Novice: 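Here you go, one structure.
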Amino acid sequence: MDVRRIGLAAATLAAAGLALTGCGGKTVAEQVVGGDVEVNPSSVKISNDEGSIEIGQGSSLPDGWPEDVPEMPGFTLQTSGKGTSDGRTSFTAVWEAAGDQSAAVKGYVGLMETNGWTVETQMEGSGQGGTGGLYALKKGTEAVALISNVESDKTTVVMTVTPTAG
């Protein structure tokens, strides 16, 4: 999936807002991404034969999301997507919760370990203006990268699930 084209279409839709849906903008967006564009009052879903992305409130995990990678409990899904390259599908999800949820993120990583995932990398600390962590987990032929950031009284978690060689 050409992320640049999808990003351009999402930015175009966001900039023009709901006005595009009333004046044929959906057709323009579909031409930009070469696929389907579904605009709802609080989200945008873009998909083509290479993958999909859903942005906004009311997002759901994409079809095919691995069953052994649970949703982040207590967090709200903000964005999700999937893409296929060389016959291998990768998934991404972004969750958000109010306050410093560092303990909840660590608890989630512990849950993953209980379910057979191995933590290969774990880095916790503070960065520019916030705190967070980076975790790399592996199980079988799947890898999960989880990056958390606590800033401005909210915690954001970006998770990517990718197939590994083997």
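Fair warning: this is a prediction, and the values are worked out from it, not measured in the lab.
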Novice: Applying side chain to side chain donor-acceptor pair (under 3.5 Å), can you list everything that pairs with Thr92, at least two apart in sequence or on another chain?
Specialist: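 Counting only residues at least two positions away or on another chain, Thr92 forms no side chain to side chain donor-acceptor pair (under 3.5 Å).
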
Novice: With the side chain counted from C-beta on, respond yes when Leu137 and Glu120 share a heavy-atom pair under 4.5 Å apart, and no when they do not.
Specialist: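 Side-chain contact under 4.5 Å: no.
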
Novice: Locate the shortest heavy-atom distance separating Leu77 from Ser60; write the atom from each residue and the value.
Specialist: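 For Leu77 and Ser60, the tightest heavy-atom pair comes out as CD2-C, 3.4 Å.
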
Novice: Report yes if the side chains of Leu146 and Val157 come closer than 4.5 Å at any heavy-atom pair, otherwise no.
Specialist: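 Yes, their side chains come closer than 4.5 Å.
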
Novice: Not counting sequence neighbours, which residues clear ring-ring contact (aromatic ring centres under 6.0 Å, His included) with Tyr108? List them please.
Specialist: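 With sequence neighbours excluded, Tyr108 shows a ring-ring contact (aromatic ring centres under 6.0 Å, His included) to no residue whatsoever.
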
Novice: When you measure from the side chain of Lys82 to the backbone of Asp63, do you find a donor-acceptor pair of N or O atoms at a distance under 3.5 Å?
Specialist: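 Yes, because the side chain of Lys82 sits within donor-acceptor range (under 3.5 Å) of the backbone of Asp63.
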
Novice: If you look only at pairs with a residue in residues 73-103, which of them pass as a ring-ring contact (aromatic ring centres under 6.0 Å, His included), with sequence neighbours excluded?
Specialist: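 Every pair satisfying ring-ring contact (aromatic ring centres under 6.0 Å, His included) with a residue in residues 73-103: Trp65-Phe91.
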
Novice: Could you state the interatomic distance from CD (Glu67) to CG (Leu61), rounded to the nearest 0.5 Å?
Specialist: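 The CD atom of Glu67 sits 12.0 Å away from the CG atom of Leu61.
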
Novice: Could you tell me if Thr141 and Thr164 have a donor-acceptor pair between their side chains, going purely by distance under 3.5 Å?
Specialist: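 The answer is no; no qualifying pair exists.
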
Novice: Kindly say whether Gln101 contributes a backbone atom to a donor-acceptor pair with the side chain of Thr155 at under 3.5 angstrom?
Specialist: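 Side chain of Thr155 to backbone of Gln101, a donor-acceptor pair under 3.5 Å: yes, one is there.
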
Novice: I'd like to check the salt bridge (Lys or Arg N to Asp or Glu O under 4.0 Å) partners of Lys106; sequence neighbours left out, ordered by chain and number.
Specialist: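 If we apply the salt bridge (Lys or Arg N to Asp or Glu O under 4.0 Å) test to Lys106, skipping adjacent residues, the hits are Glu124.
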
Novice: Does Pro163 reach the side chain of Ser90, with side-chain heavy atoms less than 4.5 Å apart?
Specialist: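 Counting from C-beta outward, Pro163 and Ser90 do come under 4.5 Å.
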
Novice: For Asp68, check salt bridge (Lys or Arg N to Asp or Glu O under 4.0 Å) against everything at least two apart and list the hits.
Specialist: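 Asp68: salt bridge (Lys or Arg N to Asp or Glu O under 4.0 Å) contacts with Lys139.
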
Novice: So, using salt bridge (Lys or Arg N to Asp or Glu O under 4.0 Å) as the criterion, who are the partners of Glu96 when residues are at least two apart?
Specialist: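 Scan of Glu96 (salt bridge (Lys or Arg N to Asp or Glu O under 4.0 Å), adjacent residues dropped) gives Lys154.
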
Novice: Does the side chain of Val105 come within less than 4.5 Å of Tyr135's, by heavy atoms?
Specialist: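 In short, these two side chains touch, coming nearer than 4.5 Å.
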
Novice: List for me each residue that meets side-chain contact (heavy atoms from CB on, under 4.5 Å) alongside Thr121, sequence neighbours excluded, and say none if there are none.
Specialist: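 Partners of Thr121 by the side-chain contact (heavy atoms from CB on, under 4.5 Å) criterion, ordered by chain and then number, come out as Met123, Leu134, Ala136.
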
Novice: Are Met112 and Val144 side-chain neighbours, meaning at least one heavy-atom pair lies under 4.5 Å?
Specialist: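 Side-chain contact under 4.5 Å: yes.
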
Novice: Would you mind reporting whether Pro66 and Glu142 have side-chain heavy atoms less than 4.5 Å apart?
Specialist: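 Result yes, sub-4.5 Å side-chain heavy-atom pair found.
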
Novice: What pairs with Ser102 under side-chain contact (heavy atoms from CB on, under 4.5 Å), at least two apart in sequence or on another chain?
Specialist: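 Applying side-chain contact (heavy atoms from CB on, under 4.5 Å) to Ser102 gives Asp100, Thr131, Val150.
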
Novice: So do Ser80 and Val94 actually touch side chain to side chain, heavy atoms under 4.5 Å?
Specialist: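 Val94 does not reach Ser80 side chain to side chain.
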
